A.B. asks: 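Quick one: this structure, given as structure tokens, is what I'll be asking you about.
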Amino acid sequence: MISHPIVSIRHVTKAFGANLAVSNASLSLAPGRVHALMGENGAGKSTLMKILAGVHRPDEGAITLNGRPVSFQTPKQALDAGISTVFQELSLLPNLSIRENMFLGKERTGRFGTLDRAAMDREAGAALAELGLPLDPRVQVSDLTIAERQFVEIAHGIKADADVFILDEPTAALNAADVAVLNRQIRKLRSEGKAVVYISHRMEEVFDICDDVTVMKDGQVVATQALCDLTPEKLIALMVGRELSDLFPQRARSTGAARLICEDLKIGPESAPIRFELHSGEIVGLAGLEGQGQHEVVRSFIGQHEAHSGTLRVGDAAFTLPLAESDGVRLLQSAGAGFVPEDRKEEGLLLNASIRDNIGISLQAARPACSVLAKLKGVVSETMARLTVKAASPAIAVGTLSGGNQQKVLLGRYLASDLDVLIVEEPTRGVDIGAKAEIYKILRDLADGGKAILVLSRETIELIGLCDRLLVIHAERIVQEMAGAEATEHAILEAALTS
């Protein structure tokens, strides 16, 4: 298909024990092209790229780089040969500075062998500046936001003078403005003749930035096509055998009493007051342009944003805002509401703990310190079955699961607690199309069972397809309410821009 590829992967196979992760896969990467690599979690995408990046060695097959056979034993060998990778899982060391992370193992030295920190600061600063990131290279990584850490990872990769760039879910933690900055950099790399591999579950981004797409399923390549020959519906059908409209379950048949009432919430001293209700049986989404106050609204409910004033009613309990951050989550749960954070790894899950412990922790927390919850094993097993968590045992560490299964475990914690209200940030962040459909069904089943669900998502299509009502927020106030069945991306954007 491509006459002069930079990279040619031919008939590569890789197994881990009895698990065949990649089977007879072939892929070519051309200069000046952005190549999307898509498929459900477990399809083999990351494994194939880790083989190219020197993390794994193939059992069979061959790789050529600029026409020459290569066999990388380490990621450093791949990087030295011109292949730079930003993996989905952040690899930065939080106890080191940005500069120390970016030059780890490649420190600059002066005439007498001493570290040239000034030179490293200049180079790191220049790489960050290319992405419009005004960060001090001396800042410790642990002090950065998740989005800033992701950008540092990307800047680290771009700093390398490579021919091939592999970006594995690079925008999972980025807002719309940050994505635009990243896309400008990717287009720059393309114009310089670089080959870029772009792994993402976000359809809009793939069609916006990519030229070609390869779809993998069950470790095999099922199709490679130019994106101009595809639509999102056709691409999804290649991946999972279903159309885009089939991802979302039916909307609410009926709603009941108000489960959550937010009254006179002022995000800041100059903000207009916000009021809305959340009823049993419905899913309500907060929509609008990024950074207009949606995040602050939901974080006010747990005390992680210090609201200026307001009242929150959950069931029979009433709370005066602002809440103390140390008490917010506990108070919310005591009233029958759960908060599912966007960053499941940092804020939601105990990655080294078992599935059983992660699901059961909220149940245990609600009981006296010396009490042992009876029948915990049965509750966890029932929850895993209900959410179709794919794991051999409840004793498996959550950190070993796929992103979609991790998200199910986090939702399972609140399902097991039988809470009346669920507030969910980015319910499908970093999960594949198949897992998204499963999570949408879980949320709808909870609503149909009488729960009330509030959703915050950066994906407008997700909000439109999933939610019964949308509250469009602009400048820290609700500017319009619309039914999910009648909402369109154009209508939401118009409301956000013209209010």
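Sequence positions, counted from 1, serve as the residue numbers for this chain. Small disclaimer: the values here were computed from a predicted structure and weren't measured.
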A.B. asks: Identify all side-chain donor-acceptor contacts of residues 79-87 below 3.5 Å with residues at least two apart in sequence or on another chain.
C.D. replies:
residue	atom	partner	partner atom	Å
Asp80	OD1	Lys106	NZ	3.4
Asp80	OD2	Lys76	NZ	3.0
Ser84	OG	Gly157	O	2.9

A.B. asks: What distance do Thr400 atom OG1 and Ile355 atom CD1 have between them, rounded to the nearest 0.5 Å?
C.D. replies: 7.0 Å
A.B. asks: Do any N or O atoms from the side chain of Asn101 and from the backbone of Ser97 form a donor-acceptor pair under 3.5 angstrom?
C.D. replies: yes
A.B. asks: Do Asp136 and Arg99 meet the salt-bridge criterion of a basic N to acidic O distance under 4.0 Å?
C.D. replies: no
A.B. asks: Quick one: do Thr428 and Gln407 satisfy side chain to side chain donor-acceptor pair (under 3.5 Å)? Show the steps, please.
C.D. replies: CA-CA 7 Å; Thr428 62; Gln407 191 73 359; over 6 Å; no
A.B. asks: Would you kindly say whether His474 and Gln292 are connected by a side-chain donor-acceptor distance under 3.5 Å?
C.D. replies: yes
A.B. asks: Any side-chain to backbone donor/acceptor pair from Arg33 onto Ala195? Under 3.5 Å, distance only.
C.D. replies: no
A.B. asks: Write down the atom of Ala397, the atom of Leu351, and the distance for their closest heavy-atom approach.
C.D. replies: CB-O, 3.8 Å
A.B. asks: Measuring only between side-chain heavy atoms, which start at C-beta, is Lys234 closer than 4.5 Å to Thr231?
C.D. replies: yes
A.B. asks: Salt bridge check: are Glu100 and Arg138 linked by an N-O gap of less than 4.0 Å?
C.D. replies: no
A.B. asks: Okay, side chain of Ser26, backbone of His11: is any donor-acceptor separation there less than 3.5 Å?
C.D. replies: yes
A.B. asks: Check Ile51 against Pro58 and note the closest heavy-atom contact, atom names and distance.
C.D. replies: CG2-CD, 3.8 Å
A.B. asks: Which is it for Glu205 and Tyr198 under the side chain to side chain donor-acceptor pair (under 3.5 Å) test, yes or no, and what are the steps along the way?
C.D. replies: CA-CA 10 Å; Glu205 293 174 8; Tyr198 193 91; 2.8 Å; yes
A.B. asks: Is the backbone N or O of Thr47 less than 3.5 Å from a side-chain atom of Lys14, with the two atoms forming a donor-acceptor pair by type?
C.D. replies: no
A.B. asks: Kindly say whether Glu296 contributes a backbone atom to a donor-acceptor pair with the side chain of Ser300 at under 3.5 angstrom?
C.D. replies: yes
A.B. asks: Could you tell me the separation between the CG atom of Leu65 and the CG atom of Asp163, rounded to the nearest 0.5 Å?
C.D. replies: 6.5 Å
A.B. asks: Does the side-chain contact (heavy atoms from CB on, under 4.5 Å) test come out yes or no for Lys188 and Gln185, once each step is laid out?
C.D. replies: CA-CA 5 Å; Lys188 181 173 179 287; Gln185 188 65 40; 4.0 Å; yes
A.B. asks: Between the side chain of His308 and the main-chain N/O of Ser271, is any donor-acceptor distance below 3.5 Å?
C.D. replies: no
A.B. asks: Are Leu286 and Val297 side-chain neighbours, meaning at least one heavy-atom pair lies under 4.5 Å?
C.D. replies: yes
A.B. asks: Indicate yes or no for a side-chain donor-acceptor contact from Glu60 to the backbone of Asn24 under 3.5 Å, with no hydrogens or angles considered.
C.D. replies: no
A.B. asks: Looking just at side-chain N and O atoms, do Ser457 and Arg429 make a donor-acceptor pair shorter than 3.5 Å?
C.D. replies: no
A.B. asks: Are Val380 and Pro394 side-chain neighbours, meaning at least one heavy-atom pair lies under 4.5 Å?
C.D. replies: yes
A.B. asks: Does atom CD of Glu192 have more than 12 heavy-atom neighbours from other groups under 6.0 Å away?
C.D. replies: yes
A.B. asks: Are any side-chain N or O atoms of Asn358 and backbone N or O atoms of Leu349, one a donor and one an acceptor, separated by less than 3.5 Å?
C.D. replies: no
A.B. asks: What's the shortest heavy-atom distance between Val222 and Lys217, and which atoms?
C.D. replies: CG1-CB, 3.9 Å
A.B. asks: Give a yes-or-no answer on whether the side chains of Ser402 and Lys390 include a donor-acceptor pair shorter than 3.5 Å.
C.D. replies: no
A.B. asks: Looking at every non-hydrogen atom in both residues, tell me the closest pair between Ala15 and Asp59 and how far apart they are.
C.D. replies: N-OD2, 2.7 Å
A.B. asks: Taking all heavy atoms of Phe339 and all of Tyr414, pick out the closest pair and write down the distance.
C.D. replies: O-OH, 2.9 Å
A.B. asks: Are Ser28 and Arg10 close enough, and set up right, to give a side chain to side chain donor-acceptor pair (under 3.5 Å), and what steps lead you there?
C.D. replies: CA-CA 8 Å; Ser28 293; Arg10 288 289 173 262; 3.0 Å; yes
A.B. asks: For residues His35 and Val213, determine if any side-chain heavy atom of one lies less than 4.5 Å from a side-chain heavy atom of the other.
C.D. replies: no
A.B. asks: May I ask you to decide whether Glu459 forms a salt bridge with Lys436, counting only side-chain N to carboxylate O separations under 4.0 Å?
C.D. replies: yes
A.B. asks: Kindly indicate whether the side chain of Thr388, heavy atoms from C-beta on, has any atom under 4.5 Å from the side chain of Glu438.
C.D. replies: yes
A.B. asks: Which heavy atom of Cys210 sits nearest to which heavy atom of Leu227, and what is that distance?
C.D. replies: CB-CD1, 3.3 Å
A.B. asks: With a 4.0 Å cut-off, would you call Glu306 and Lys266 a salt bridge?
C.D. replies: no
A.B. asks: Applying side-chain contact (heavy atoms from CB on, under 4.5 Å) to Leu410 and Arg413, what does each step give before you reach the verdict?
C.D. replies: CA-CA 5 Å; Leu410 188 55; Arg413 179 184 299 167; 3.7 Å; yes
A.B. asks: Report the C-alpha distance between Met38 and Thr214 in whole Å, list the side-chain angles of each, state the deciding distance to 0.1 Å, and finish with yes or no for side-chain contact (heavy atoms from CB on, under 4.5 Å).
C.D. replies: CA-CA 6 Å; Met38 302 194 72; Thr214 290; over 6 Å; no
A.B. asks: Answer yes or no: is there a donor N or O on one side and an acceptor on the other, between the side chain of Glu476 and the main chain of Gly293, under 3.5 Å?
C.D. replies: no
A.B. asks: To the nearest 0.5 Å, what is the distance between CG (Leu230) and CE (Met203)?
C.D. replies: 9.5 Å
A.B. asks: Please test Asp343 against Arg149 for salt bridge (Lys or Arg N to Asp or Glu O under 4.0 Å), starting from the C-alpha separation and ending with a verdict.
C.D. replies: CA-CA 13 Å; Asp343 189 351; Arg149 293 187 197 190; over 6 Å; no
A.B. asks: With no hydrogens and no angle check, just 3.5 Å: does a side-chain donor-acceptor pair link Asp168 and Ser46?
C.D. replies: yes
A.B. asks: Looking at Pro341, is its backbone amide N or carbonyl O close enough to the side chain of Arg344 to form a donor-acceptor pair, meaning the two atoms are under 3.5 Å apart?
C.D. replies: no
A.B. asks: State whether Arg111 and Asp116 are salt-bridged, where the test is any N-O pair (Lys NZ or Arg NE/NH1/NH2 against Asp/Glu carboxylate O) under 4.0 Å.
C.D. replies: no
A.B. asks: Please test Leu29 against Leu52 for side-chain contact (heavy atoms from CB on, under 4.5 Å), starting from the C-alpha separation and ending with a verdict.
C.D. replies: CA-CA 11 Å; Leu29 304 176; Leu52 178 58; 4.2 Å; yes
A.B. asks: Thinking salt bridges, do Glu342 and Arg458 make one under a 4.0 Å N-O criterion?
C.D. replies: yes
